[in-house]
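What follows is a set of notes on a single structure, which appears directly below.
Just the heavy atoms: all of them, side chains too, but no hydrogens, waters or symmetry mates, feed the values below. Since the structure is predicted, the reported quantities are computational estimates derived from the model, not experimental observations. Position 1 is the first residue of the sequence; numbering continues from there. Ligands are counted one by one from 1 in listed order, and the atoms in each one are counted from 1 as well.
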Amino acid sequence: MINSSMTVREVAIELPQSTRLFETLKLDYCCGGNRPLTEACASIGIEVGEVMGMLESVSQSEPQGNGAVDFQKLPLSELIAHILDTHHVFTKQEMTRLELLSKKVISAHGENHPELHKVGALFETLCADLKPHMFKEEQILFPYISALASASLENSAAPFAPFGTVNNPIRMMMMEHDAAGEILRELRTVTSDYRTPSDGCISYHTLYEALEAFEKDLHQHIHLENNILFPRAIELETRMTA
Ligand SMILES: [Fe+2]
Ligand SMILES: [Fe+2]
């Protein structure tokens, strides 16, 4: 049951459909999700009661179990497969496409809209951060968590962790998520909430629309890692090495 003293993160876990509402309200549920709902609502100038009402209708209109996956209960290997197949694949595809598209838009409109140069630079930094970040998850952290989950199913010992404990790479990944979240916030500011200027062409509009969709997907991606996968991996490792 949702109540206003829960943190945004707790609401997002309990009611996965709420993340769509949080996106619309621009209410941070991934990196900055550790704040009580009341405080988070105050920071965006909305009455918590109003948001509670919206959450109520979200939960009624889209009941849990109606196609919505409960990521808390999904086996860890399936959760990882979902993150890779849905979010890593999308992020990589979009990084390639949008790096090219942003160059095209900058060359056509950069003179009249100098903020586009900042958009291009921010997106470039974001991609340069995300590529090695996802590589580390794919090559080191996720295989370890999968091995941990298989060992637990087979009742065997926890696999060898070259990094000591899973807390160490997780701490690093979360710091990198914070940095990505900060770049997303800057992009939103520089683009005035992704509003295409009246003289912007179709490519300009396509770029802003795609950047906003990229933001939304990355929020969901980071939420699944920070709030669901990582705590579950830490808990499992602690249990297996106790
Ligand atoms: Fe990831
Ligand atoms: Fe990540």
- N/O/S atom of His88 inside 2.8 Å of the Fe ion (ligand 1), strictly under: yes
- Note on the structure: The protein N, O or S atoms lying under 2.8 Å from the Fe ion (ligand 2) are His133 NE2, Glu137 OE2, His177 NE2, Glu225 OE1
- Main-chain N/O of Ala210 paired to Tyr194 side chain as donor or acceptor, under 3.5 Å: no
- Message: Assess the residue pair Thr86 and Gln220 against the criterion (side-chain contact (heavy atoms from CB on, under 4.5 Å)); give the C-alpha distance rounded to whole Å, side-chain angles, the decisive distance to 0.1 Å, and a yes or no.
- Response: CA-CA 10 Å; Thr86 310; Gln220 183 69 27; over 6 Å; no
- Query: Strictly by modelled atom types, are His82 and Glu78 linked by a side-chain donor-acceptor pair under 3.5 Å?
  - Reply: no
- Message: Can you confirm whether more than 12 heavy atoms, excluding those of Gln139, are under 6.0 Å from its CD atom?
- Response: yes
- Message: Are more than 12 heavy atoms, taken from residues, nucleotides or ligands other than Lys73, located less than 6.0 Å from that residue's NZ atom?
- Response: no
- How about Lys136: does its NZ atom have over 12 heavy atoms from other parts shown lying under 6.0 Å from it? yes
